Novice: 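Quick one: the structure is below, and I'll ask about it shortly.
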Amino acid sequence: MPLPLGHTAIGLAAYELGSHNNSLTSRLKLIIFLTILANLPDLDILVGLLVKCNGSAFHRGPSHSLFFALIMGFFASKAWRFSSHIPRMKFGMCFLIVFSHVIGDILFTASPVSLFWPFEVNWSTGFSGWSDVLNLVFVQGFQDIGVIIGSAGLIMLARLIRRYNRRSLALNKEKFWELKSFRRISN
Ligand SMILES: [Zn+2]
C-alpha cells in the first residue's frame, strides 16, 4: 500500500502537474503543507489507534472518499487565513492533492476505498496496533520506491514541458517583434 512517503510523492507530483511554475523545491512551507494534505485521509488510522487501539478500525471509510477530498480541499484553501505559516492555495489544487491520496490507494493497493461515500463504505479489515503502524511508516516506508521514482519522473517531465513551452513562447514573441520592426522599416 502507498505509505506516507509514497502518498507525499504522489501529492507533490499532482501539485507539479497542476501548477504553472517550478517553485516547489524552493518553498519548504509549501512542501510541508502538501505532505499533510497528501496524507490527510490516513488520519483515520490515528483515530482508530486512539479510540480502539486498532489502526484498521476506521481505515478506508469516509476519509477515503470524493466527498472528504472536496470538504478538506475547501477548508485547506481557507486555512491561510488562520496562520501566516500556511501557504495560500486555490480550492482546486487543495482538492487535487487530497484526492491524489484516494487515487493512489485505488491504483496501488488491492483493498477498496469508500470513493462514493456516503453511498458506499468499505472499511479496512484486520488488526494493526501501534507497533504495526509505526513499523509501516518508519521502517517499511521505502517499499514505495517504485511510486516515489515514478512521481519524481512525473515532476521532472512536468518541469521540462513547462520550460519548453516558456522558451518557445519567448521565441515566438521575439519573432513577432522582429517581424513587426521589419515591416515598419520596409514601409
Ligand atoms: Zn489511505
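Atoms within each ligand, like the ligands themselves, are counted from 1 in listed order. Keep in mind the model is a prediction, meaning the values are calculated, not measured.
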Novice: Are Leu30 and Tyr15 close enough that some pair of their side-chain heavy atoms sits under 4.5 Å apart?
Specialist: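 Yes - at least one pair of side-chain heavy atoms lies under 4.5 Å apart.
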Novice: Using modelled atom types and a 3.5 Å cut-off, is there a donor and acceptor pairing between side-chain atoms of Asn54 and backbone atoms of Gly48?
Specialist: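 No; zero donor-acceptor contacts below 3.5 Å.
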Novice: Within a strict 4.5 Å, meaning less than it, do heavy atoms of the Ile145 and Ile149 side chains meet?
Specialist: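 Yes; the side chains approach each other to less than 4.5 Å.
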Novice: May I have the angle between Asp42 OD1 and His64 NE2 with its vertex at the Zn ion (ligand 1), rounded to 10°?
Specialist: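 If I round to 10°, I get 90°.
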Novice: Name of the Asp105 N, O or S atom nearest the Zn ion (ligand 1)?
Specialist: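 Atom name of the closest N, O or S in Asp105: OD2.
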Novice: Taking Ser114 for the side chain and His64 for the main chain, is one N or O donor matched with an acceptor at less than 3.5 Å?
Specialist: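 Judged by distance alone, no pair lies under 3.5 Å.
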Novice: Examine all N, O or S atoms of His101, backbone included, and report whether one is under 2.8 Å from the Zn ion (ligand 1).
Specialist: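 Checking the Zn ion (ligand 1) against His101, an N, O or S atom does fall under 2.8 Å.
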